[in-house]
Amino acid sequence: MSENSPPTGTPAPDERHARVDAAKSDTSDEGGDGEAGSSSRAARTALWAVVAAHAISQTGNVVTAFAVPFYVLALGGSGVEIGVAAAFATAPVIIGGPLGGVVVDRVGHRRAAIVADVVSGASVVAMPVLALTVGLPFWALLALVFVGGLLDTPGQTARRVMLPGLTERAGVRIERSVGLLDGSERFAKLVGASLAGLLVAAVGPIGALFVNAATFAVSAVLTWALVPRDVKAAEANTGIGGARRGSFWADLAEGARFVVRDPLMRLLVGLVLITNLLDAARGSTLLPLYANDRLGGAAALGLLVATMGGCALLGNVAFGFIAHRVPRRVTFAVCFTLAGGPSSLAFALGAPLPVLVAATALAGLAAGSLNPILATVELERVPEHMRGRVFGLINAGAWAGVPFGALLGGLAADTIGLAFAFGIVAAAYVVTTLTPLTGGSWRLMERNKSAHHVGNDRP
């Protein structure tokens, strides 16, 4: 989930578990000279490698998101063509999410993460190579963008599913490792947006894509060199890589049944599906068009996206200090509304750039709490032995509307205009993100209402 933690009162089971983990961390530090201490240090190195690889890989994705629409514009493309390119970049999530999630559970998380980065990097480097040699027509760009995105989600899932096993071995609380991974993604958007804006403005989209390909190579090397080969065995010891059950399709069906039957998972997938559709219309199509038409090009877009990423990172860090004192559901709803409504309204009203930056900063600060809440709820409710396929299915469901959002954004820009399109996004965002306040199964988000906790092996 967009990707997509926590409240008050008497300590819940997972809070007590977190404190035990903290005690383990202290013990492992004291015994650092022994075998356990050495194993803990190696696991911490691997954990940081996973976090760094995730950040670098996500930086590459941000550069792609910048370079592709400006390459299409350089070819004389329209808003609809930018929307089509964005749709081809995100549609693979719907395929690669569920199918790749089963593969991640079966072939091993380390191997899946490395292969995903290698394939993504190869498809990205093919774009500038073709453009500078035989040419890169629009249809070929779409094909490469599709291939590049096909394994992107399985790679992200593999890194996320590696967290609990490495976290336990490293003696780190799961909330902390989830926050680190989400914070690394926020940091990647900050650095990637700034880098992409400067690269596209300085050397053009083709040159930016060469840099992008290098990020995937670095991510793959980090995972290969620093994450141990026995990570799969470590996961099996903690219940994450469990015994194989049946065929590929049986595993996929088991994960699908879990998502469909869990009332909170259904609501979360539906909510994030709609907001991701709106975000795709806004971020993949409307914002590049707005920046090109009214703000002077890629540099202004880079400033806005970097502001969003930087403030989201600050919000993520700040949320870590107050997470245990606030209710998840209310915090989630209010912050989600602030993350999309006011900023979209500012664009709809044609506000000057300083106001747009301020509205984007507010959106980023609010967005910092969203993914930690979502990720922790998922880890609490999803059994360890099926997290790969369930997370893949959740991502696929949440991203199912993204290709349509990108297309609808392009159509809206070409028909009703940018201002009306942003206004529709603002209104729809507010109505959708306030639904958790209605209660019902949304109350299961709260820590003391959760049915499952990190470490459980069965629903």
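Note that the numbering runs from 1 along the sequence shown for the chain. A quick note: this is a predicted structure, and the numbers were derived from the prediction, not measured.
At least one donor-acceptor pair closer than 3.5 Å links the side chain of Arg266 to the backbone N or O of Val260. A donor-acceptor contact shorter than 3.5 Å is absent between the side chain of Arg328 and the backbone of Leu444. Formation of a donor-acceptor pair under 3.5 Å by the Arg329 side chain with backbone atoms of Glu446 is not found in this model. Put simply, the side chain of Asn212 never gets that close to the backbone of Val63: no donor and acceptor are under 3.5 Å apart. The closest donor-acceptor contact from the side chain of Thr275 to the backbone of Val272 lies under 3.5 Å. Judged by distance alone, with hydrogens and angles left aside, the side-chain atoms of Thr285 form no donor-acceptor pair with the main-chain N or O of Arg282 at under 3.5 Å.
In this structure the side chain of Ile274 never reaches within 4.5 angstrom of the side chain of Tyr429, judged on heavy atoms. Looking at Phe391 and Val382, their side chains come closer than 4.5 Å, going by heavy atoms from C-beta outward. Here the side chains of Trp442 and Leu268 are in contact, with some heavy-atom distance below 4.5 Å. Two residues are said to be in side-chain contact when any heavy atoms from C-beta on lie closer than 4.5 Å; Pro372 and Asn316 meet this criterion. Under the 4.5 Å side-chain criterion, counting only non-hydrogen atoms from C-beta, Val129 is in contact with Phe210. For the pair Leu141 and Val72, the minimum side-chain heavy-atom distance is below 4.5 Å. Side-chain atoms of Leu166 and Val50, non-hydrogen and from C-beta on, do get closer than 4.5 Å to each other. Contact annotation: the side chain of Phe216 never approaches that of Thr59 to less than 4.5 Å [non-hydrogen atoms, C-beta and beyond].
Sorted by first then second residue, the salt bridge (Lys or Arg N to Asp or Glu O under 4.0 Å) pairs that include residues 113-129, not counting sequence neighbours, are Asp117-Arg159.
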task: For the pair Val330 and Val326, evaluate side-chain contact (heavy atoms from CB on, under 4.5 Å) and give the outcome as yes or no after the intermediate values.
output: CA-CA 8 Å; Val330 174; Val326 297; over 6 Å; no
- request: For Leu393 and Phe258, run side-chain contact (heavy atoms from CB on, under 4.5 Å): C-alpha distance rounded to whole Å, both residues' side-chain angles, the deciding distance at 0.1 Å, then the answer.
  value: CA-CA 10 Å; Leu393 285 162; Phe258 180 89; over 6 Å; no
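Shown here are the side-chain contact (heavy atoms from CB on, under 4.5 Å) partners of Leu303, two or more places apart in sequence or in another chain: Thr307, Leu353, Val357.
Ser57 and Ser219 are not linked by any side-chain donor-acceptor pair at a separation below 3.5 angstrom, with hydrogens and angles left out of the test.
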